[in-house]
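First comes the structure, then the notes that go with it.
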Amino acid sequence: MPLVLEQGMLMLDFFYRLDVITLFIIVSVIFISVSTITLLFLKRYLPQKLADQDNAVVGNVSNLVSLIYGVLAGLTALYLINNISYAADAVQREANAVVDMYRETTWLKQPMQDQLKVHLKKYIDTVIEVEWPLMRQGKNIDNQGDFIIEEVDDKLKEYNTSNQSEALLVRDMQQEIKALYDARQQRIQLSSASLNSEIWIVIILGTILMIAINYFYTVNVFMHLICIAAVALMASAMSFLLLSLDRPFQGEFVIEPVAFKSVISFIDKHGDHHTHITTEKPQ
């Protein structure tokens, strides 16, 4: 069983690497093809006397199964949407903490000011150039970013403040470091978050049952094929939606490092200006 689950997760990894159009086409073709072929097989080989003649009963059961499946899929989609929102919020808070610290370094004495700016720029480059590609591939992130944060924290602890204003400033920057670290850990945790295999099994079983119950209608073959294809298309659309939303940093609908790139733009635009006004802070 664990081997089967592992192979299933590897198959999901393949789907996450596809663009949305290709993914939707593949999922829809699989669902519709399997559903219609199964219906034609049953029509051909299932004895007519075994067919359920009570379409009203089948319809009631089908409605109940579809309702339960819809609630399950809807709640799952809502959970995934919330995950994406939490991940986007963590990214924004992380970027905000970096840019706030960068602004505050302009009031520190040299050479501490330039040293901290170098570390903060290095942190941003590490997030964009190293960590984001790893998250998009579903790989683990190393501790390089944590080491940079620790270096900034250590330098602030070594900084000799000359007045109360600097002491308050250093304390505020240390609070920003805590906020930066917390947001970073939340981003890393959510980068590897996805629906576990048990939930996928329940969704797959619900999808199969929702389609299979419609096989028991006794109607015209052509009309039956159209109905089965419609149900399969709806099920494939829901599966496509869950796949697209499952991992916040993978697939087509991913969270991009826009917030960090905005920080880079801010540094490039205002870095020299802030350095120039450093000596103008009231003591």
Side-chain angles (χ1 to χ4, degrees), residues 2 5-18 20 23 72-102 119-154 173-203 239 241-264:
L5 294 179
E6 182 179 353
Q7 292 176 344
M9 297 308 294
L10 290 176
M11 182 176 295
L12 286 179
D13 289 336
F14 166 75
F15 285 127
Y16 292 128
R17 298 187 182 96
L18 300 175
V20 288
L23 176 61
L72 171 64
L75 291 176
T76 304
L78 181 61
Y79 166 77
L80 295 177
I81 291 173
N82 286 334
N83 264 1
I84 293 177
S85 297
Y86 295 147
D89 178 68
V91 170
Q92 189 63 57
R93 287 189 288 107
E94 186 179 2
N96 290 345
V98 174
V99 75
D100 288 343
M101 290 180 62
Y102 187 89
H119 280 83
L120 292 174
K121 290 179 182 178
K122 181 180 179 182
Y123 179 81
I124 297 172
D125 290 337
T126 300
V127 171
I128 295 176
E129 303 297 334
V130 178
E131 295 183 354
W132 227 269
L134 290 175
M135 291 191 300
R136 295 205 64 161
Q137 298 171 20
K139 297 181 179 179
N140 294 328
I141 298 175
D142 58 22
N143 297 322
Q144 185 177 355
D146 293 327
F147 294 152
I148 298 174
I149 296 176
E150 291 173 1
E151 290 176 359
V152 173
D153 190 31
D154 291 340
M173 293 183 68
Q174 289 175 329
Q175 292 297 323
E176 291 290 349
I177 288 177
K178 293 180 181 179
L180 172 62
Y181 183 80
D182 291 342
R184 170 183 171 79
Q185 294 306 312
Q186 184 178 0
R187 168 175 61 85
I188 293 175
Q189 180 182 7
L190 290 173
S191 70
S192 59
S194 62
L195 293 178
N196 58 43
S197 56
E198 288 79 6
I199 295 179
W200 276 117
I201 290 175
V202 172
I203 292 174
S239 299
L241 177 63
L242 297 181
L243 283 170
S244 300
L245 298 175
D246 190 18
R247 301 182 183 182
F249 297 94
Q250 290 183 256
E252 191 75 11
F253 300 114
V254 297
I255 299 173
E256 298 288 352
V258 177
F260 287 98
K261 291 180 179 179
S262 297
V263 176
I264 291 291

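Values reported hereafter were calculated over all heavy atoms of this structure, with side chains retained and with hydrogens, waters and symmetry mates removed.
Applying the salt bridge (Lys or Arg N to Asp or Glu O under 4.0 Å) definition to pairs two or more places apart or across chains, those involving residues 183-195 are E94-R187, E131-R184, E131-R187, D146-R184. Under the salt bridge (Lys or Arg N to Asp or Glu O under 4.0 Å) criterion, no residue pair touches residues 119-129, with sequence neighbours excluded.
Put simply, CG on L195 and OG1 on T76 are 6.5 Å apart, with the number rounded to the nearest 0.5 Å. Remark: D100 CG to M173 CE distance equals 10.0 Å, nearest 0.5 Å. Rounding to the nearest 0.5 Å gives a distance of 10.5 Å between CD of E150 and CD1 of I177.
Within a 6.0 Å radius of CG in N140, no more than 12 heavy atoms belonging to other residues, nucleotides or ligands are found. Around CD of Q174, the count of heavy atoms belonging to other residues, nucleotides or ligands within 6.0 Å exceeds 12.
Of all the heavy atoms in A90 and A183, the pair that sits closest is O-CB, 3.5 Å. Heavy atoms only, all atoms of each residue included: P257 and W132 are closest at CD-NE1, 3.3 Å.
Taking 4.5 Å as the limit, every side-chain heavy atom of Y102 sits out of range of all side-chain heavy atoms of V263. Residues F147 and T126 are not in side-chain contact: their nearest non-hydrogen atoms beyond the backbone lie 4.5 Å or more apart. With contacts defined as side-chain heavy-atom distances shorter than 4.5 Å, the pair I264/I128 qualifies. Between Y181 and D153, every side-chain heavy-atom pair lies at or beyond the 4.5 Å cut-off. Counting only heavy atoms from C-beta outward, the side chains of F249 and L134 never approach each other to under 4.5 Å.
For the side-chain hydrogen bond (donor to acceptor under 3.5 Å, both in side chains) test, residues two or more places apart in sequence or in another chain that qualify with E151 are H119. Take K178 and apply the side-chain hydrogen bond (donor to acceptor under 3.5 Å, both in side chains) test, not counting sequence neighbours, and it matches no residue. Take D89 and apply the salt bridge (Lys or Arg N to Asp or Glu O under 4.0 Å) test, not counting sequence neighbours, and it matches R93.
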Using distance only, find each side-chain donor-acceptor pair of residues 77-87 under 3.5 Å and give its atom names and separation, not counting sequence neighbours.
residue : atom : partner : partner atom : Å
N82     : ND2  : L78     : O            : 3.3
S85     : OG   : I81     : O            : 3.2

key: Derivation and outcome, side chain to side chain contact (heavy atoms under 4.5 Å, CB included), residues L180 and Y123   = CA-CA 11 Å; L180 172 62; Y123 179 81; 3.9 Å; yes
Exercise for review: Any chance you could lay out the side chain to side chain donor-acceptor pair (under 3.5 Å) test for Q186 and D182, step after step, and finish with the verdict?
Suggested key: CA-CA 6 Å; Q186 184 178 0; D182 291 342; over 6 Å; no
